[in-house]
Each structure stands twice: as C-alpha cells, then as structure tokens.
Amino acid sequence: MDVFKVSGNGPLRGQIKVGGAKNAALPILAATLLTDETVVLRNVPDLSDMRFMLEILRHVGAETVQPEPGVWEITSKKITHVAPYDLVRKMRASVCLLGPLVARMRKAEVSIPGGCVIGPRPIDLHIKGLKKLNCQVEIANGYVHVDASEIQGGPIFLGGRSGSTVTGTANIVMAATLAPGTTRLECAACEPEVVDLCNMLVKMGAKITGIGSPELVITGVEKLHGCEHSVIADRIEAGTFVIAGAITRGDVTVKGIAPKLLGAFLDKLEEAGLPMELGEDYIRVLPYEGSLKTVDVVTLPHPGYPTDLQAQLGALMTQTEGLSIITERIYPNRFMHVPELQRMGADISIEGPSAIIKGASKLSGAPVMASDLRASAALILAAFAAEGDTWIQRIYHLDRGYERFEQKLSAIGAKIERLKDTDMPKELLED
Ligand code: EPZ
C-alpha cells in the first residue's frame, strides 16, 4: 500500500491550481443518466471516487468516452435500474443514482450505502423526499426499492436533525425534473456543488427556480437533452491549500477559485489574523510573524463553516497560541484525526461535539494513520509544520478526493513523497 513521507521544511511558496469539485462532479455524473443524449463534462477531477462512479454508470448501461484528460462524454441510450451492492459499497455517493433512475426508469433498486468512519450516513431524508413525490419506497435486503410509476411533483420539506442534506437535495431535484407537476422543495441544500448540478440540469432543459436558495421550485418536463458543462472548482481542495500556506507561514497563491465560494472559511481565517489577498479567481496567503489568533468555530450547512474543512483548520490551530474550539455539528464523530495529531504532539481534547485545541504545540514527525478523506489532509498539513519525518499510512483515503496532491504541493516546496509501506523504517511498521 502507498504511504506518504512528509518532512517539515519551512514556508511553501508559489502558485497552486485548484481542480474540479469532487462533490459537484459526483451528482453531475449521475445526472447524465437523465437523458439518452450525450453529455460532455469538462474539468472532471481524476480521483478514485470518479473512477468508481464511472464504473457504476457503465454497469447500468452508460457509454463513457474520455477524449482527453478531465473531459468525459457520457451517453446513456438504454439503461437498467439496478445499482448493485458490490459497486455502491465502494462509494456512498453512488446513492445519487436514486434520483436519475427514478426519473428516467420510473423505478430503481439501489443498494443502501454503508456508513463510514465519520459516522452513520443515513438516507432517511432521500426516502422521505421520494415518498413525497408519490413514489412507493421499500427497504429490503439492503436495497432501496422504488416504484415511481405514479410519480408526481408536490411540496417537500427536506430538512433533518442536522439541517439540509446535500446529496438528498441532489437526488430529489433530479427525480423532480422529469416528474409531472411542480415540486416546491424547502430546506434544500445551498452548497455551491448543488448550485452547479442545478445549473447543469437547466442546461439539459430542466425547469428550476430558486437555485442557490433554500427553496427550489422544479417544474417537471417530458424529456431532458444533452449539454456541455464544466464542473466548478473544488472549494475544499482550495481551502486545504490555503491552510498549507498558512501552517508553513508561506506565500501561496491558490488559483482558479472564486473567494466567494469560501465565505465562512475565509471569514474565520481573517478573524484569526491570517494576511490574505483575495482576487476574482485566486486567494493569496501571505507570510506572517508571531501567532495567529484563536478561533471558536461551528460547522454548519452552507453558507456556514464547511465540515469538510474542519480537520484542516484544527491542524492549523495546533500552531496558534491559546485555546481554540471547533464544534462539529454535521458529523459529531469527525475527529478521527485528533488521536493521530496527538501522536505528533498536539494538545487537543474532545468534549462532546467539540475539539478544544491548546496551542501552540511543537509538533514532531511520527508514523500516523489516515482514516477519512479530510482527516488525511489534516495530518499532512500538520506534518508540514512538524520537526522531522511523518509517515502517513492508508493514503488511499486521500486519493479519493485530492488529485495529484503530492505533485501539486511539491511544486511549491513541500517535501512530500509517495512511497510503499515496505519503504517505511522497519521500527515504524505497525506490529
Ligand atoms: C455531502 O455528503 C458531501 N459528499 C460530504 O463530503 C459533506 O461532508 C456533506 O455533504 C456535508 O457537507 C458529497 O457531496 C459526495 P448530507 P452527504 O446528506 O450528502 C444527515 C467529503 O469529505 N442526514 O448533507 O452524504 C447526515 O447524517 C464528503 O468530500 C440525515 O440525517 O451529507 C449529516 O449529519 C464527506 N438523513 C447531515 O445530514 C439523510 O437522509 C448532512 O448530511 C441525509 C443526511
């Protein structure tokens, strides 16, 4: 298995380009099933999650062509309605097939995705939404069985105990595009990735108003047609690179991202006193002396502080003098990186849904274990600020959501290399 060897070696300097957003590309790939015409997608990141989703699309009958890197032409002339367990279990986001299969086939059988390390990943709101669209939904043998022969638009409130649902909103919007009548979807997710999906659906002929607001109105149409669409930039990758610049006190320009996609995140960093220069399509982190200020942050649905940038901020706050508090309201168990950061010398205690981070800690390199996509990134960020070498194992978690991570960061001075676990010093290999 691959590992990363990271050595702390001072400020990162230079420009780093952001790729296409994983969490936009996944539902957008599923949305190509809504038409029998060709959809051309650009700026699709090359990630293992993308490869899984493309494999599932081919399984249900889509034809996928990659004329050049980052571009996919997808045609789903004839498709089946079953997404099997052995494919869905590899990636939860395949639950996004529910909406398009229901809309196009008027039936669907999609395996229920498992949970993951950041906590249970229920789909009760997805099911509630489909039932509100007059679908018959049954859970049996680990599958969601949907009979949508009588599908009908209608009013839906899609909020749950943690607020809105991103992929739940994606599923119900996609199902409603081809459902007779009008669907008024309240407490819809407003994440930029949902906006990007809706914008592409409109290009395909869908009738959607209120895009970007918590209330969407979808008027069903007979058919959707093909289109060309370029996936938006990945704001989470961008935020991760911003923190790479900040934690090394470097001078890093993150290019290809509109700062407005990172409102709450940049607001918190400004509150912490990080010097930044914001342009139309870039964020430049500037060097600073002394300590940043502590923060008290709560993760919330967009436009609140994004849960996907919670672990990365925690890594930065280990270097900030004083007590910072990070409260996780979306996935209360999303602190798997904390024990690993403690191995590197961080002083963090978990009190319920909050991490209390006492800085500034002198971090030292150690063998650590990645556990989920964003926790892996947090460990690497901490390793940039640590004394000595850090070996990060199970980096397949990182490969799910960050394209060419080590190449992009090495290009701005990071000492990070991808090796095999057998390259690790014998005394470090886990027993
Ligand atoms: C999306 O997951 C993202 N994944 C996640 O990114 C992200 O962390 C999450 O949204 C929150 O922003 C993709 O877009 C592929 P939710 P999703 O439904 O849609 C609860 C990453 O690192 N809930 O918005 O699965 C749920 O338990 C990944 O890139 C229900 O209770 O998240 C959670 O507490 C990790 N019932 C909250 O809502 C439901 O039916 C938000 O979940 C659905 C969700």
Side-chain angles (χ1 to χ4, degrees), residues 19-31 45 47-50 52-53 56 88 90-99 110 112-132 137 139 144 156-174 187-197 214 231-232 234-240 261 264-265 299-312 328-334 336-337 353 370-378 397-403:
K22 165 179 87 79
N23 291 348
L26 288 167
I28 280 172
L29 281 170
L47 303 167
S48 53
D49 270 12
M50 293 305 127
F52 283 145
M53 182 59 95
I56 295 172
V88 169
K90 289 180 188 170
M91 184 189 60
R92 295 193 57 269
S94 38
V95 71
C96 284
L97 266 77
L98 261 179
V110 176
I112 297 179
C116 68
V117 285
I118 62 178
R121 307 294 293 273
I123 58 167
D124 57 300
L125 296 173
H126 300 236
I127 290 167
K128 172 185 173 183
L130 290 172
K131 286 181 174 170
K132 290 284 186 186
V137 184
I139 306 274
V144 183
I156 303 174
F157 181 83
L158 207 58
R161 55 185 165 56
S162 304
S164 48
T165 162
V166 172
T167 48
T169 301
N171 259 333
I172 300 311
V173 167
M174 290 190 279
C187 198
C190 307
E191 272 70 4
E193 295 75 27
V194 173
V195 171
D196 199 36
L197 168 68
V231 175
I232 52 160
D234 192 323
R235 63 192 167 107
I236 307 302
E237 183 191 29
T240 305
L261 293 182
F265 171 74
T299 65
L300 290 167
H302 194 77
Y305 187 94
T307 174
D308 293 349
L309 282 168
Q310 177 258 107
Q312 299 92 320
E328 174 57 65
R329 287 272 179 246
I330 308 294
Y331 299 111
N333 185 32
R334 199 173 195 171
M336 309 294 286
H337 53 293
S371 54
D372 74 271
L373 171 53
R374 308 304 174 184
S376 323
H397 290 292
L398 190 100
D399 292 335
R400 288 189 42 218
Y402 291 95
E403 183 180 352

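In each ligand, atom 1 is the first atom listed, and ligand 1 is the first ligand listed.
Of the possible donor and acceptor atoms, none in the side chain of D196 sits under 3.5 Å from a partner among the backbone N and O of V231. Within the 3.5 Å criterion, the main-chain N or O of F157 finds a donor-acceptor partner in the side chain of K128. Distance alone, capped at 3.5 Å, places no donor-acceptor pair between the Q312 side chain and the A377 backbone. Checked by atom type and distance alone, the side chain of T299 pairs as donor or acceptor with a backbone atom of R329 at under 3.5 Å. N171 contributes a side-chain N or O that, together with a main-chain N or O of V95, makes up a donor-acceptor pair within less than 3.5 Å.
At a 4.0 Å heavy-atom cut-off, the residues surrounding ligand 1 are K22, N23, L26, R92, A93, I118, P120, R121, P122, I123, D124, L125, H126, R161, S162, S164, T165, V166, T167, T307, D308, I330, Y331, R334, L373, R374, listed by chain and number.
Looking only at atom types and distance, the side chain of T307 has no donor-acceptor partner in the side chain of Y331 under 3.5 Å away.
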